[in-house]
Peer 1: 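Just dropping this structure here.
First the proteins, then the strands, lettered A, B, ... as listed; each starts at 1. As the structure is a prediction and not an experimental result, all values here were calculated from the model. Just so you know, these numbers use all the heavy atoms, side chains as well, and skip hydrogens, waters and symmetry mates.
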Number of protein chains: 2
Amino acid sequence: MFSPVVKDTTRLSAQDWARAALQAIADGGLPAVAVEPLARTLGVTKGSFYAHYRNRDELVAAALTEWARSHGDAGLAGLAAIADPAERLRELLDTVVHAVRPLAPSVQLSLLGDRNNPQVKDAVQQVNQARLRLMTSTYIELGLPPDRAESRARVAYAAILGLLQLAQTDPHAPDPDTLAEEAAAVFLPADLR
Amino acid sequence: MFSPVVKDTTRLSAQDWARAALQAIADGGLPAVAVEPLARTLGVTKGSFYAHYRNRDELVAAALTEWARSHGDAGLAGLAAIADPAERLRELLDTVVHAVRPLAPSVQLSLLGDRNNPQVKDAVQQVNQARLRLMTSTYIELGLPPDRAESRARVAYAAILGLLQLAQTDPHAPDPDTLAEEAAAVFLPADLR
DNA sequence: GAGAGAACATACGCCACCGTATTGACCGCT
DNA sequence: AGCGGTCAATACGGTGGCGTATGTTCTCTC
(Lines give C-alpha, C1' and ligand atoms only; values in the text may rest on other atoms or scores of the structure.)
Protein backbone atom coordinates (compact mmCIF):
# COMPACT_ATOMS: atom_id res chain seq x y z
CA MET A 1 0.00 0.00 0.00
CA PHE A 2 1.50 3.28 -1.03
CA SER A 3 -0.03 6.71 -0.50
CA PRO A 4 -0.25 8.62 -3.75
CA VAL A 5 1.02 12.18 -3.48
CA VAL A 6 -1.17 13.23 -6.35
CA LYS A 7 -4.65 11.87 -6.46
CA ASP A 8 -4.14 10.24 -9.77
CA THR A 9 -7.09 8.80 -11.53
CA THR A 10 -9.31 8.74 -8.50
CA ARG A 11 -12.36 10.89 -8.32
CA LEU A 12 -12.52 14.29 -6.78
CA SER A 13 -13.94 15.41 -3.45
CA ALA A 14 -15.32 18.72 -2.28
CA GLN A 15 -11.95 19.36 -0.61
CA ASP A 16 -10.17 19.02 -3.91
CA TRP A 17 -12.35 21.69 -5.41
CA ALA A 18 -11.77 23.96 -2.42
CA ARG A 19 -8.02 23.51 -2.67
CA ALA A 20 -8.10 24.27 -6.36
CA ALA A 21 -10.16 27.35 -5.60
CA LEU A 22 -7.53 28.55 -3.12
CA GLN A 23 -4.84 28.04 -5.71
CA ALA A 24 -6.90 30.05 -8.16
CA ILE A 25 -7.30 32.83 -5.61
CA ALA A 26 -3.55 32.91 -5.11
CA ASP A 27 -3.08 33.26 -8.83
CA GLY A 28 -5.82 35.64 -9.81
CA GLY A 29 -8.01 36.62 -6.90
CA LEU A 30 -11.66 35.86 -6.43
CA PRO A 31 -12.64 36.39 -10.06
CA ALA A 32 -10.33 33.53 -10.96
CA VAL A 33 -12.54 31.17 -9.01
CA ALA A 34 -14.62 30.16 -11.99
CA VAL A 35 -16.28 26.80 -12.23
CA GLU A 36 -15.50 25.94 -15.79
CA PRO A 37 -11.80 26.89 -15.78
CA LEU A 38 -11.34 25.05 -12.48
CA ALA A 39 -12.98 22.01 -13.95
CA ARG A 40 -10.57 22.16 -16.87
CA THR A 41 -7.50 22.28 -14.64
CA LEU A 42 -8.91 19.42 -12.59
CA GLY A 43 -9.47 17.40 -15.71
CA VAL A 44 -13.22 17.10 -15.45
CA THR A 45 -16.21 18.98 -16.78
CA LYS A 46 -18.27 21.37 -14.76
CA GLY A 47 -21.16 18.96 -14.64
CA SER A 48 -19.61 17.17 -11.70
CA PHE A 49 -18.95 20.34 -9.77
CA TYR A 50 -22.58 20.71 -8.87
CA ALA A 51 -22.45 17.34 -7.14
CA HIS A 52 -20.21 19.00 -4.53
CA TYR A 53 -21.51 22.55 -4.21
CA ARG A 54 -24.78 24.18 -5.02
CA ASN A 55 -23.14 27.11 -6.77
CA ARG A 56 -19.97 29.09 -7.14
CA ASP A 57 -20.61 31.15 -4.04
CA GLU A 58 -20.66 28.06 -1.87
CA LEU A 59 -17.29 27.04 -3.22
CA VAL A 60 -15.86 30.47 -2.47
CA ALA A 61 -17.23 30.33 1.05
CA ALA A 62 -15.78 26.88 1.61
CA ALA A 63 -12.36 27.91 0.35
CA LEU A 64 -12.29 31.04 2.49
CA THR A 65 -13.42 29.16 5.57
CA GLU A 66 -10.74 26.56 5.06
CA TRP A 67 -8.12 29.26 4.63
CA ALA A 68 -9.22 31.19 7.68
CA ARG A 69 -9.21 28.02 9.75
CA SER A 70 -5.76 26.87 8.73
CA HIS A 71 -4.22 30.32 9.00
CA GLY A 72 -5.96 31.48 12.16
CA ASP A 73 -5.37 29.98 15.56
CA ALA A 74 -4.89 26.55 14.03
CA GLY A 75 -1.94 27.65 11.94
CA LEU A 76 -0.33 29.46 14.84
CA ALA A 77 -0.23 26.52 17.18
CA GLY A 78 3.38 25.75 16.33
CA LEU A 79 4.54 29.23 17.17
CA ALA A 80 2.32 29.59 20.20
CA ALA A 81 3.92 26.48 21.63
CA ILE A 82 7.28 28.22 21.99
CA ALA A 83 7.57 29.03 25.66
CA ASP A 84 10.14 31.80 25.61
CA PRO A 85 8.46 34.93 24.21
CA ALA A 86 11.67 36.42 22.83
CA GLU A 87 12.49 33.26 20.98
CA ARG A 88 8.91 33.05 19.77
CA LEU A 89 9.09 36.52 18.34
CA ARG A 90 12.45 35.94 16.73
CA GLU A 91 11.22 32.71 15.24
CA LEU A 92 8.23 34.51 13.82
CA LEU A 93 10.29 37.23 12.24
CA ASP A 94 12.80 34.75 10.89
CA THR A 95 10.10 32.62 9.40
CA VAL A 96 8.48 35.48 7.65
CA VAL A 97 11.56 37.27 6.43
CA HIS A 98 13.14 34.15 5.05
CA ALA A 99 9.95 32.81 3.66
CA VAL A 100 9.43 32.96 -0.03
CA ARG A 101 6.90 30.29 0.64
CA PRO A 102 4.92 30.03 -2.54
CA LEU A 103 1.25 29.71 -1.75
CA ALA A 104 0.42 30.75 1.76
CA PRO A 105 1.00 34.50 1.57
CA SER A 106 -0.21 34.74 -1.98
CA VAL A 107 -3.74 34.02 -0.92
CA GLN A 108 -3.76 36.79 1.63
CA LEU A 109 -2.32 39.26 -0.85
CA SER A 110 -4.77 38.29 -3.53
CA LEU A 111 -7.64 38.67 -1.14
CA LEU A 112 -6.73 42.31 -0.69
CA GLY A 113 -7.99 42.91 -4.16
CA ASP A 114 -11.38 41.63 -3.15
CA ARG A 115 -11.57 43.13 0.31
CA ASN A 116 -14.97 44.65 -0.44
CA ASN A 117 -16.52 41.22 -0.51
CA PRO A 118 -18.00 40.62 2.98
CA GLN A 119 -16.94 36.98 3.07
CA VAL A 120 -13.38 37.94 2.24
CA LYS A 121 -13.41 40.68 4.81
CA ASP A 122 -14.48 38.28 7.52
CA ALA A 123 -11.88 35.69 6.67
CA VAL A 124 -9.01 38.16 6.49
CA GLN A 125 -10.12 39.81 9.67
CA GLN A 126 -10.27 36.53 11.50
CA VAL A 127 -6.72 35.62 10.51
CA ASN A 128 -5.37 39.05 11.32
CA GLN A 129 -7.01 39.07 14.73
CA ALA A 130 -5.56 35.72 15.66
CA ARG A 131 -2.07 36.80 14.71
CA LEU A 132 -2.37 40.14 16.43
CA ARG A 133 -3.57 38.45 19.58
CA LEU A 134 -0.53 36.17 19.62
CA MET A 135 1.89 39.00 19.01
CA THR A 136 0.28 41.25 21.56
CA SER A 137 0.46 38.67 24.30
CA THR A 138 4.04 37.96 23.31
CA TYR A 139 4.96 41.59 23.80
CA ILE A 140 3.14 41.61 27.11
CA GLU A 141 5.15 38.62 28.21
CA LEU A 142 8.21 40.58 27.22
CA GLY A 143 7.25 43.22 29.70
CA LEU A 144 5.50 45.90 27.72
CA PRO A 145 2.40 47.43 29.27
CA PRO A 146 -0.73 46.09 27.56
CA ASP A 147 -1.60 49.18 25.55
CA ARG A 148 1.91 49.61 24.26
CA ALA A 149 2.12 45.91 23.56
CA GLU A 150 -0.93 46.18 21.40
CA SER A 151 0.29 49.02 19.25
CA ARG A 152 3.77 47.55 19.07
CA ALA A 153 2.30 44.26 17.89
CA ARG A 154 0.27 46.13 15.33
CA VAL A 155 3.28 47.90 13.89
CA ALA A 156 5.35 44.73 13.90
CA TYR A 157 2.65 42.69 12.23
CA ALA A 158 2.15 45.44 9.71
CA ALA A 159 5.83 45.25 8.88
CA ILE A 160 5.53 41.53 8.37
CA LEU A 161 2.62 41.96 6.01
CA GLY A 162 4.44 44.69 4.16
CA LEU A 163 7.59 42.64 3.76
CA LEU A 164 5.59 39.83 2.24
CA GLN A 165 3.93 42.32 -0.03
CA LEU A 166 7.26 43.74 -1.16
CA ALA A 167 8.73 40.29 -1.64
CA GLN A 168 5.99 39.48 -4.11
CA THR A 169 6.43 42.57 -6.23
CA ASP A 170 10.10 43.33 -5.87
CA PRO A 171 12.59 41.40 -7.95
CA HIS A 172 15.56 42.80 -6.04
CA ALA A 173 16.65 40.14 -3.62
CA PRO A 174 17.10 42.05 -0.40
CA ASP A 175 19.33 39.44 1.23
CA PRO A 176 17.11 37.76 3.81
CA ASP A 177 19.79 37.65 6.48
CA THR A 178 20.29 41.38 6.41
CA LEU A 179 16.57 41.90 6.59
CA ALA A 180 16.13 39.49 9.45
CA GLU A 181 18.86 41.27 11.33
CA GLU A 182 17.27 44.61 10.73
CA ALA A 183 13.82 43.42 11.66
CA ALA A 184 15.19 41.93 14.85
CA ALA A 185 16.93 45.17 15.69
CA VAL A 186 13.70 47.06 15.24
CA PHE A 187 11.15 44.73 16.74
CA LEU A 188 13.00 42.74 19.34
CA PRO A 189 12.93 45.02 22.35
CA ALA A 190 16.08 43.90 24.07
CA ASP A 191 15.87 47.17 25.91
CA LEU A 192 12.11 47.52 25.70
CA ARG A 193 12.58 51.18 24.97
CA MET B 1 -18.68 82.23 -14.06
CA PHE B 2 -18.55 79.25 -11.74
CA SER B 3 -16.37 76.23 -12.15
CA PRO B 4 -18.40 73.07 -12.05
CA VAL B 5 -17.01 70.47 -9.68
CA VAL B 6 -18.60 67.74 -11.69
CA LYS B 7 -18.31 67.92 -15.42
CA ASP B 8 -21.99 68.20 -15.91
CA THR B 9 -23.32 67.90 -19.36
CA THR B 10 -20.02 68.37 -21.11
CA ARG B 11 -18.50 65.58 -23.06
CA LEU B 12 -15.94 63.17 -21.78
CA SER B 13 -12.21 62.99 -22.40
CA ALA B 14 -9.77 60.13 -22.31
CA GLN B 15 -8.68 61.38 -18.87
CA ASP B 16 -12.22 61.01 -17.56
CA TRP B 17 -12.26 57.40 -18.60
CA ALA B 18 -8.86 56.80 -17.02
CA ARG B 19 -9.99 58.35 -13.77
CA ALA B 20 -13.11 56.26 -13.73
CA ALA B 21 -10.98 53.21 -14.38
CA LEU B 22 -8.80 54.01 -11.37
CA GLN B 23 -11.87 54.38 -9.22
CA ALA B 24 -13.07 51.02 -10.47
CA ILE B 25 -9.71 49.47 -9.62
CA ALA B 26 -9.94 50.85 -6.10
CA ASP B 27 -13.36 49.29 -5.74
CA GLY B 28 -12.93 45.95 -7.37
CA GLY B 29 -9.50 45.49 -8.86
CA LEU B 30 -8.62 45.08 -12.49
CA PRO B 31 -11.59 42.90 -13.37
CA ALA B 32 -13.81 45.81 -12.41
CA VAL B 33 -12.39 47.81 -15.27
CA ALA B 34 -15.06 46.81 -17.74
CA VAL B 35 -16.07 49.05 -20.57
CA GLU B 36 -19.81 48.70 -20.38
CA PRO B 37 -20.18 49.16 -16.61
CA LEU B 38 -17.85 52.15 -16.73
CA ALA B 39 -19.91 53.64 -19.53
CA ARG B 40 -23.01 53.21 -17.41
CA THR B 41 -21.52 55.01 -14.42
CA LEU B 42 -20.31 57.75 -16.73
CA GLY B 43 -23.74 58.14 -18.20
CA VAL B 44 -22.86 57.20 -21.75
CA THR B 45 -22.88 54.06 -23.81
CA LYS B 46 -19.83 52.08 -24.67
CA GLY B 47 -19.95 53.19 -28.26
CA SER B 48 -18.13 56.37 -27.38
CA PHE B 49 -15.42 54.62 -25.45
CA TYR B 50 -13.73 53.42 -28.58
CA ALA B 51 -13.28 57.00 -29.68
CA HIS B 52 -10.75 57.35 -26.83
CA TYR B 53 -9.04 53.98 -26.62
CA ARG B 54 -8.61 51.16 -29.04
CA ASN B 55 -9.57 48.55 -26.49
CA ARG B 56 -9.88 47.76 -22.81
CA ASP B 57 -6.21 46.97 -22.41
CA GLU B 58 -5.24 50.42 -23.55
CA LEU B 59 -7.48 51.94 -20.92
CA VAL B 60 -5.94 49.79 -18.23
CA ALA B 61 -2.47 50.77 -19.36
CA ALA B 62 -3.38 54.45 -19.32
CA ALA B 63 -4.87 54.24 -15.85
CA LEU B 64 -1.87 52.39 -14.45
CA THR B 65 0.57 54.79 -16.05
CA GLU B 66 -1.27 57.74 -14.61
CA TRP B 67 -1.30 56.13 -11.18
CA ALA B 68 2.39 55.27 -11.26
CA ARG B 69 3.23 58.78 -12.37
CA SER B 70 1.24 60.55 -9.68
CA HIS B 71 2.34 58.21 -6.92
CA GLY B 72 5.97 57.81 -7.90
CA ASP B 73 8.49 60.60 -7.75
CA ALA B 74 5.86 63.13 -8.72
CA GLY B 75 3.72 62.39 -5.68
CA LEU B 76 6.70 62.47 -3.36
CA ALA B 77 7.87 65.94 -4.27
CA GLY B 78 6.15 67.48 -1.28
CA LEU B 79 7.87 65.18 1.17
CA ALA B 80 11.20 65.29 -0.59
CA ALA B 81 11.16 69.07 -0.23
CA ILE B 82 11.44 68.85 3.55
CA ALA B 83 15.05 69.62 4.31
CA ASP B 84 15.43 68.09 7.75
CA PRO B 85 15.50 64.31 7.33
CA ALA B 86 14.12 63.57 10.78
CA GLU B 87 11.20 65.87 10.23
CA ARG B 88 10.69 64.37 6.78
CA LEU B 89 10.51 60.89 8.23
CA ARG B 90 8.19 61.91 11.02
CA GLU B 91 5.96 63.70 8.56
CA LEU B 92 5.82 60.61 6.42
CA LEU B 93 4.87 58.37 9.30
CA ASP B 94 2.34 60.83 10.59
CA THR B 95 0.74 61.20 7.21
CA VAL B 96 0.40 57.50 6.71
CA VAL B 97 -0.72 56.53 10.17
CA HIS B 98 -3.33 59.21 10.38
CA ALA B 99 -4.47 58.75 6.85
CA VAL B 100 -7.69 56.99 6.23
CA ARG B 101 -7.56 58.72 2.91
CA PRO B 102 -10.18 57.05 0.84
CA LEU B 103 -8.86 56.46 -2.63
CA ALA B 104 -5.11 56.65 -2.81
CA PRO B 105 -4.14 53.54 -0.88
CA SER B 106 -7.09 51.57 -2.11
CA VAL B 107 -5.66 51.41 -5.58
CA GLN B 108 -2.39 49.99 -4.40
CA LEU B 109 -4.13 47.40 -2.25
CA SER B 110 -6.46 46.41 -5.03
CA LEU B 111 -3.56 46.02 -7.41
CA LEU B 112 -2.10 43.37 -5.13
CA GLY B 113 -4.86 41.11 -6.24
CA ASP B 114 -3.70 41.45 -9.81
CA ARG B 115 0.03 41.42 -9.22
CA ASN B 116 0.49 38.69 -11.78
CA ASN B 117 -0.41 41.07 -14.56
CA PRO B 118 2.87 42.42 -15.95
CA GLN B 119 1.55 45.93 -16.40
CA VAL B 120 0.41 46.00 -12.79
CA LYS B 121 3.71 44.60 -11.61
CA ASP B 122 5.61 47.34 -13.37
CA ALA B 123 3.46 50.13 -12.02
CA VAL B 124 3.56 48.91 -8.44
CA GLN B 125 7.27 48.32 -8.66
CA GLN B 126 7.88 51.79 -9.98
CA VAL B 127 5.98 53.39 -7.11
CA ASN B 128 7.62 51.21 -4.49
CA GLN B 129 11.10 51.92 -5.83
CA ALA B 130 10.56 55.65 -5.73
CA ARG B 131 9.37 55.53 -2.15
CA LEU B 132 12.12 53.20 -1.05
CA ARG B 133 14.70 55.46 -2.64
CA LEU B 134 13.41 58.46 -0.72
CA MET B 135 13.31 56.61 2.57
CA THR B 136 16.74 55.09 2.09
CA SER B 137 18.36 58.42 1.40
CA THR B 138 16.53 59.84 4.38
CA TYR B 139 18.04 57.24 6.66
CA ILE B 140 21.43 57.87 5.14
CA GLU B 141 21.06 61.54 5.90
CA LEU B 142 20.23 60.50 9.43
CA GLY B 143 23.60 58.85 9.71
CA LEU B 144 22.98 55.19 9.00
CA PRO B 145 25.53 53.43 6.81
CA PRO B 146 24.10 52.86 3.32
CA ASP B 147 23.46 49.15 3.61
CA ARG B 148 21.72 49.47 6.95
CA ALA B 149 19.79 52.46 5.68
CA GLU B 150 18.48 50.38 2.84
CA SER B 151 17.21 47.52 4.96
CA ARG B 152 15.88 49.90 7.58
CA ALA B 153 13.97 51.78 4.90
CA ARG B 154 12.62 48.53 3.62
CA VAL B 155 11.32 47.46 7.00
CA ALA B 156 9.86 50.89 7.70
CA TYR B 157 8.16 51.10 4.33
CA ALA B 158 6.85 47.60 4.79
CA ALA B 159 5.33 48.68 8.08
CA ILE B 160 3.66 51.59 6.36
CA LEU B 161 2.18 49.35 3.71
CA GLY B 162 1.05 46.90 6.33
CA LEU B 163 -0.60 49.57 8.44
CA LEU B 164 -2.58 50.74 5.44
CA GLN B 165 -3.53 47.18 4.74
CA LEU B 166 -4.73 46.64 8.29
CA ALA B 167 -6.61 49.92 8.31
CA GLN B 168 -8.64 48.75 5.34
CA THR B 169 -9.64 45.42 6.80
CA ASP B 170 -9.75 46.14 10.49
CA PRO B 171 -12.80 47.82 11.96
CA HIS B 172 -11.12 48.32 15.33
CA ALA B 173 -10.02 51.89 15.49
CA PRO B 174 -6.47 51.63 16.74
CA ASP B 175 -6.26 55.25 17.90
CA PRO B 176 -4.02 56.95 15.35
CA ASP B 177 -2.11 58.96 17.92
CA THR B 178 -1.01 55.91 19.82
CA LEU B 179 0.04 54.27 16.60
CA ALA B 180 1.94 57.29 15.40
CA GLU B 181 3.78 57.41 18.69
CA GLU B 182 4.65 53.76 18.48
CA ALA B 183 5.76 53.99 14.88
CA ALA B 184 7.93 56.96 15.73
CA ALA B 185 9.47 55.06 18.64
CA VAL B 186 10.31 52.19 16.36
CA PHE B 187 11.41 53.90 13.18
CA LEU B 188 12.78 57.25 14.27
CA PRO B 189 16.34 56.42 15.22
CA ALA B 190 16.93 59.07 17.82
CA ASP B 191 19.77 56.90 18.95
CA LEU B 192 20.37 55.28 15.58
CA ARG B 193 20.72 51.98 17.34
C1' DG C 1 -23.67 -9.43 -7.87
C1' DA C 2 -27.32 -6.13 -7.49
C1' DG C 3 -28.86 -1.89 -6.06
C1' DA C 4 -27.87 3.00 -4.33
C1' DG C 5 -25.62 6.96 -4.46
C1' DA C 6 -21.72 9.72 -5.59
C1' DA C 7 -18.94 11.49 -9.25
C1' DC C 8 -18.93 12.59 -14.06
C1' DA C 9 -20.45 13.85 -19.20
C1' DT C 10 -23.34 16.25 -22.44
C1' DA C 11 -26.32 19.59 -23.93
C1' DC C 12 -29.04 23.56 -23.35
C1' DG C 13 -30.64 28.53 -22.27
C1' DC C 14 -29.18 32.67 -20.15
C1' DC C 15 -26.50 36.81 -19.28
C1' DA C 16 -22.44 39.96 -19.16
C1' DC C 17 -18.89 41.84 -21.53
C1' DC C 18 -15.91 42.69 -25.79
C1' DG C 19 -15.18 44.70 -30.14
C1' DT C 20 -17.04 46.38 -34.87
C1' DA C 21 -19.98 48.93 -37.96
C1' DT C 22 -22.84 52.45 -38.94
C1' DT C 23 -24.98 56.58 -38.26
C1' DG C 24 -25.92 60.93 -35.97
C1' DA C 25 -25.04 65.25 -33.21
C1' DC C 26 -22.06 68.76 -31.85
C1' DC C 27 -18.15 71.45 -31.99
C1' DG C 28 -14.22 74.76 -34.13
C1' DC C 29 -12.44 76.78 -38.34
C1' DT C 30 -11.91 79.05 -42.74
C1' DA D 1 -22.29 78.45 -44.79
C1' DG D 2 -20.00 74.55 -45.20
C1' DC D 3 -16.40 71.04 -43.61
C1' DG D 4 -13.81 67.84 -40.75
C1' DG D 5 -13.10 65.86 -36.51
C1' DT D 6 -14.60 64.33 -32.05
C1' DC D 7 -17.86 62.33 -29.04
C1' DA D 8 -21.96 59.76 -28.87
C1' DA D 9 -26.05 56.18 -29.79
C1' DT D 10 -27.58 51.92 -31.72
C1' DA D 11 -27.25 47.41 -33.37
C1' DC D 12 -24.83 43.22 -34.21
C1' DG D 13 -21.96 38.83 -33.66
C1' DG D 14 -18.75 36.46 -30.74
C1' DT D 15 -17.05 34.50 -26.38
C1' DG D 16 -16.94 32.83 -21.77
C1' DG D 17 -18.95 31.76 -17.64
C1' DC D 18 -23.31 30.22 -14.71
C1' DG D 19 -26.78 27.09 -13.59
C1' DT D 20 -30.19 23.18 -14.93
C1' DA D 21 -31.62 18.86 -16.90
C1' DT D 22 -30.78 14.42 -18.08
C1' DG D 23 -28.22 10.58 -18.61
C1' DT D 24 -24.02 7.54 -17.66
C1' DT D 25 -20.27 5.27 -15.05
C1' DC D 26 -17.93 4.21 -11.17
C1' DT D 27 -17.66 2.57 -6.22
C1' DC D 28 -19.22 1.15 -2.11
C1' DT D 29 -22.23 -1.80 0.56
C1' DC D 30 -25.27 -5.39 1.65
Peer 1: Starting from P on C:dA21, measure out to NZ on B:Lys46 and report it in whole angstrom.
Peer 2: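 The distance from NZ of B:Lys46 to P of C:dA21 comes to 13 Å, rounded to the nearest Å.
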Peer 1: Touch check for A:Phe49, heavy atoms < 4.0 angstrom, all strands: base, sugar-phosphate only, or nothing?
Peer 2: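 Answer is nothing: A:Phe49 stays at 4.0 Å or more from every strand.
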Peer 1: For the residue pair B:Trp17 and B:Phe49, categorise the inter-ring angle as parallel (less than 30°), tilted (30 to 60°) or perpendicular (more than 60°).
Peer 2: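 Ring orientation, 0 to 90° scale: perpendicular.
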Peer 1: Where do B:Ala24 and B:Leu38 come nearest, in terms of heavy atoms and distance?
Peer 2: CB-CD2, 4.1 Å
Peer 1: For B:Leu38 and D:dA8, give me the distance from atom CG to atom P, rounded to whole Å.
Peer 2: 14 Å
Peer 1: Between B:Arg69 and B:Glu66, is there a salt bridge with N-O shorter than 4.0 Å?
Peer 2: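 Judged by the 4.0 Å cut-off on N to carboxylate O distance, B:Glu66 and B:Arg69 do form a salt bridge.
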Peer 1: Toward the 5' end of DNA chain D, which comes first, B:Ser48 or A:Tyr50, by nearest nucleotide?
Peer 2: B:Ser48
Peer 1: Is the CZ atom of B:Arg90 crowded by more than 12 outside heavy atoms at less than 6.0 Å?
Peer 2: no
Peer 1: Can you tell which of C:dA6, D:dT6, D:dT10 lies closest to the side chain of B:Arg11?
Peer 2: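 Side chain of B:Arg11 sits closest to D:dT6.
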Peer 1: Counting side-chain heavy atoms from CB outward, which of D:dC18, C:dA7, D:dC7 is closest to B:Ala51?
Peer 2: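 Side chain of B:Ala51 sits closest to D:dC7.
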Peer 1: Measure the distance from CD on A:Glu36 to C1' on D:dG17 and round it to the nearest whole Å.
Peer 2: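 About 5 Å, once rounded to whole Å.
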Peer 1: Once you round it to whole Å, what is the distance between P of C:dC8 and CG of A:Asp16?
Peer 2: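 About 9 Å, once rounded to whole Å.
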Peer 1: Any side-chain N or O of A:Arg40 below 4.0 angstrom from OP1/OP2 of D:dG17?
Peer 2: yes
Peer 1: Give a yes or no on whether A:Ile140 and A:Leu76 share a hydrophobic cluster (residues Ile, Leu, Val, Met, Phe, Trp, Tyr; joining criterion: side-chain heavy atoms under 4.5 Å apart).
Peer 2: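 No, A:Ile140 and A:Leu76 fall in different hydrophobic clusters.
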Peer 1: Rounded to the nearest Å, what distance is computed from the CG atom of residue A:Leu12 to the C1' atom of nucleotide D:dC26?
Peer 2: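 Result: 13 Å.
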Peer 1: How many Å lie between CD on B:Gln15 and P on D:dT6, as a whole number?
Peer 2: 17 Å
Peer 1: Among C:dG19, C:dC8, D:dA9, which nucleotide has an atom closest to any side-chain atom of A:Thr45?
Peer 2: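 From the listed options, C:dC8 comes nearest.
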Peer 1: By nearest nucleotide on DNA chain C, pick out whichever of A:His52 and A:Gly47 is the more 5' one.
Peer 2: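 Of the two residues, A:His52 wins.
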Peer 1: What is the distance from CG of A:Leu59 to P of D:dG17, rounded to the nearest Å?
Peer 2: 15 Å
Peer 1: Could you check how far CH2 of B:Trp17 sits from P of D:dA8, rounded to whole Å?
Peer 2: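 Result: 8 Å.
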